[in-house]
2 protein chains.
Amino acid sequence: MQPSAQLEQVLKQHGQSVTAARQAVLAALQGQEPLTMGELVIRCNDIDRATVYRSVALFERLSIVQRLQAGWKYKLELSDAFHEHHHHATCLHCGQVVPLSEDPKLEAYLHDLAVAYNFTLRKHQIELSGLCATCQPTVGSL
Amino acid sequence: MQPSAQLEQVLKQHGQSVTAARQAVLAALQGQEPLTMGELVIRCNDIDRATVYRSVALFERLSIVQRLQAGWKYKLELSDAFHEHHHHATCLHCGQVVPLSEDPKLEAYLHDLAVAYNFTLRKHQIELSGLCATCQPTVGSL
DNA sequence: CATAAATTGCGACAAAGTTGCAAAAATAAT
DNA sequence: ATTATTTTTGCAACTTTGTCGCAATTTATG
């Protein structure tokens with residue numbers, strides 16, 4: 001299904017209106033790289049900042065979008081129902097975020113971990129950080 | 001070793017001064033729960049906000065402190081050299097952060113993953129989120 | 001204890017995020 | 001379709017969070 005059609009479906013399911021602003025915010029998030037809030041606001045440049053914030057808040061409540069810690073700043077990306085589920089490796093030097101492909105063994109493991117702690121798991125994130133192949137020669141010590 | 005003595009050691013190793021402000025920031029972070037920046041500033045109430053920020057920035061550079069995504073906000077806690085290494089489960093309802101005990105198998109797995117992606121791994125985080133045992137009965141759907 | 005170097009607090013500022021409310025757009029009803 | 005109702009948007013004001021330069025203070029050096 002097209003992401004835009006899927007958005008429409010999710011919004012209607014929850015009694016929320018399908019609006020141009022929300023479609024634009026989704027479209028801006030469809031690129032490969034996760035975005036900071038600031039970057040997202042810039043890419044939605046016809047839409048008021050407050051509206052972008054409200055859309056993101058709604059999208060988070062509806063699990064359309066997730067927030068991840070990339071180095072110092074947090075970034076936003078479409079969540080598992082819209083993208084393939086995956087994790088991230090962030091380069092501490094250049095800030096690039098590399099998506100890691102999913103591994104069922106790891107997923108199963110985390111599931112069991114949650115059970116052991118009596119937690120109803122809704123979502124999870126793994127964030128690796130270090131130096132990417134490109135930056136390794138450049139940086140002596142961080 | 002006492003955390004305060006360890007702080008002194010790390011600071012001197014990197015040619016940084018040992019100051020009252022930095023000791024106070026460390027002390028405030030020594031509780032069990034990770035803190036938001038705002039909470040930390042409040043607990044260091046004799047110390048100027050700017051100084052708290054500068055101390056945290058320094059502590060992050062020296063890997064004394066790490067930042068984790070807990071629900072919507074980020075929180076700060078002492079990093080592995082000061083606490084036992086561990087991961088977190090955050091309750092989406094009450095916001096409580098439960099520390100998860102370390103598992104060598106998981107750690108080894110993540111290490112291999114980084115190698116596969118040609119990444120020099122400096123640190124990593126696993127964040128589970130869901131409902132804690134206490135909140136599960138309270139909340140129908142989130 | 002004196003000197004040099006680094007850190008702190010202050011105030012002013014920039015950036016990020018929130019809120020109330022009237023206008024506009026989306027949904028529901030006729 | 002057109003109108004009525006509900007929701008969302010943009011705007012502007014505002015709060016919170018985070019940053020920066022600089023003089024005063026504290027820390028380290030000899």
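We use all heavy atoms of the structure for the numbers below, so side chains are in, but hydrogens, waters and symmetry mates are not. Lettering of chains follows the sequences in order, A, B, ..., and the numbering in each one begins at 1.
Taking the six-membered ring where the residue is Trp, B:His83 and B:His86 present tilted rings, their angle falling between 30° and 60°.
Side-chain rings of B:His124 and B:His85 approach one another, their centers coming within less than 6.0 Å.
In this entry the distance linking CD1 of B:Ile47 with C1' of C:dC10 reads 15 Å, nearest Å. Atom P of nucleotide D:dA24 and atom CG of B:Asp48 are separated by 17 Å, given to the nearest angstrom. When the C1' atom of D:dT17 is taken as reference, atom CD1 of B:Ile42 falls 13 Å away, rounded to whole Å. Per the geometry, CG belonging to B:Asp46 stands 16 Å off C1' belonging to D:dT26, to the nearest Å. In this structure, B:Leu11 places its CG atom 12 Å from C1' of C:dT7, rounding to the nearest Å. In this structure, A:Arg54 places its CZ atom 11 Å from P of C:dG20, rounding to the nearest Å. If you take CG of A:Leu62 and P of D:dT8, they are 11 Å apart, rounded to a whole angstrom. Regarding B:Met37, its CE atom lies at a distance of 17 Å from the C1' atom of C:dG17, rounded to whole Å.
If you check D:dT17, C:dT8, D:dT8 against the side chain of B:Arg22, the one that comes closest is C:dT8.
Across the interface with DNA chain D, nearest-nucleotide mapping of A:Leu58 and A:Ala50 shows A:Leu58 to be the residue nearer the 5′ end.
Taken to the nearest 0.5 Å, the CG atom of B:Leu78 stands 9.0 Å off from the CD1 atom of B:Ile64.
Dashed line: the shortest gap from a side-chain N or O of B:Thr51 to OP1 or OP2 of C:dG9 is under 4.0 Å. A sub-4.0 Å separation between OP1 or OP2 of D:dT8 and a side-chain N or O of A:Tyr53 is absent. Here A:Gln16 reaches the OP1 or OP2 of D:dT8: one of its side-chain N or O atoms lies under 4.0 Å away. Under 4.0 angstrom from either OP1 or OP2 of D:dT6 there lies no side-chain N or O belonging to A:Ser17.
With respect to the salt-bridge test (charged N to carboxylate O, under 4.0 angstrom), the residues A:Glu8 and A:Lys12 qualify.
No contact: B:Val41 has no heavy atom under 4.0 Å from any strand. Among the protein residues, B:Ala21 comes within range of the sugar-phosphate backbone only, with heavy atoms under 4.0 Å from sugar or phosphate atoms but none that close to a base.
A donor N or O paired with an acceptor N or O is not found under 3.5 Å between the base of C:dG11 and the side-chain atoms of B:Arg49.
With respect to A:Ile47, the side-chain contact (heavy atoms from CB on, under 4.5 Å) criterion is satisfied by exactly one of A:Val52, A:Leu40, A:Thr19: A:Val52.
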